[in-house]
Amino acid sequence: MGQDGEENMFAAKAETSFTYDTDATLGEELHSDRPSVLSNKLRELFGAYTSCPSYTMTAGNTPIEVKVAKSATPELGDEQFAYTSTMKLPAGAQVLKTMAVRKGNVAVMLVGAPALVDRHVKTAVGKLPTGS
């Protein structure tokens, strides 16, 4: 994947985030494109992350070790993808779950604390348009 992720762009995107307490956030993105484009881009994106079980990224000058594992997904929409990443930060480990569900020409992606992603994914998918 490129440094800026431009090759994973879709025709349209909207995003927002929610804070549940000082340590729990949930981000939500909506993407739309032709179903085949969404499918291919999501497979590429999630495949890139899950094909490398660990890597190091930097925040400023601080190296951060990241471990990635493919996660189970509920049977929602036409396709679903998920992985969990554990980042070893100076203040301790942080675990994030990333899940995407494609329904027709729209995909919803949730990123956040695993329990929040699991709790809200059905609601998010349920708000996608029918017949898309």
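Taking CG from Leu110 and NZ from Lys97, the interatomic distance works out to 10.0 Å, rounded to the nearest 0.5 Å. If you take OG1 on Thr84 and CE on Met99, they are separated by 8.0 Å, rounding to the nearest 0.5 Å. Here CD of Gln80 is found 13.0 Å from OG of Ser71. Values are rounded to the nearest 0.5 Å. Rounded to the nearest 0.5 angstrom, Leu42 CG and Met109 CE are separated by 5.5 Å. Between the CE atom in Met57 and the CE atom in Met87 there is a gap of 6.0 Å [rounded to 0.5 Å]. To the nearest 0.5 angstrom, Asn105 atom CG is 13.5 Å from His31 atom NE2.
Using a 4.5 Å cut-off on side-chain heavy atoms (C-beta onward), Thr123 and Lys127 make contact. The shortest distance between side-chain heavy atoms of Gln94 and Thr86 does not fall below 4.5 Å. In this structure the side chain of Lys88 never reaches within 4.5 angstrom of the side chain of Ile64, judged on heavy atoms. Counting heavy atoms from C-beta on, the side chains of Phe81 and Leu45 never come closer than 4.5 Å. Side-chain contact between Glu28 and Val108 is present, with at least one heavy-atom pair separated by less than 4.5 Å. In this structure the side chain of Val66 never reaches within 4.5 angstrom of the side chain of Ser54, judged on heavy atoms. Using a 4.5 Å heavy-atom cutoff, the side chains of Lys67 and Ser85 are not in contact.
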Next on the checklist: Please evaluate residues Glu79 and Arg43 with respect to the criterion salt bridge (Lys or Arg N to Asp or Glu O under 4.0 Å), reporting the C-alpha separation (whole Å), side-chain torsions for both, the decisive distance (0.1 Å), and the verdict.
Outcome noted: CA-CA 10 Å; Glu79 289 182 287; Arg43 285 181 191 282; 2.6 Å; yes
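No chain of hydrophobic side-chain contacts below 4.5 Å, direct or via other Ile, Leu, Val, Met, Phe, Trp or Tyr residues, connects Val117 to Val95.
Checked by atom type and distance alone, the side chain of Ser39 never pairs as donor or acceptor with a backbone atom of Pro35 at under 3.5 Å. With Asp78 contributing its side chain and Gly104 its backbone, the two residues share a donor-acceptor pair below 3.5 Å.
Considering only residues two or more places apart in sequence or on other chains, Lys122 meets the salt bridge (charged side-chain N to carboxylate O under 4.0 Å, His left out) condition with none of them.
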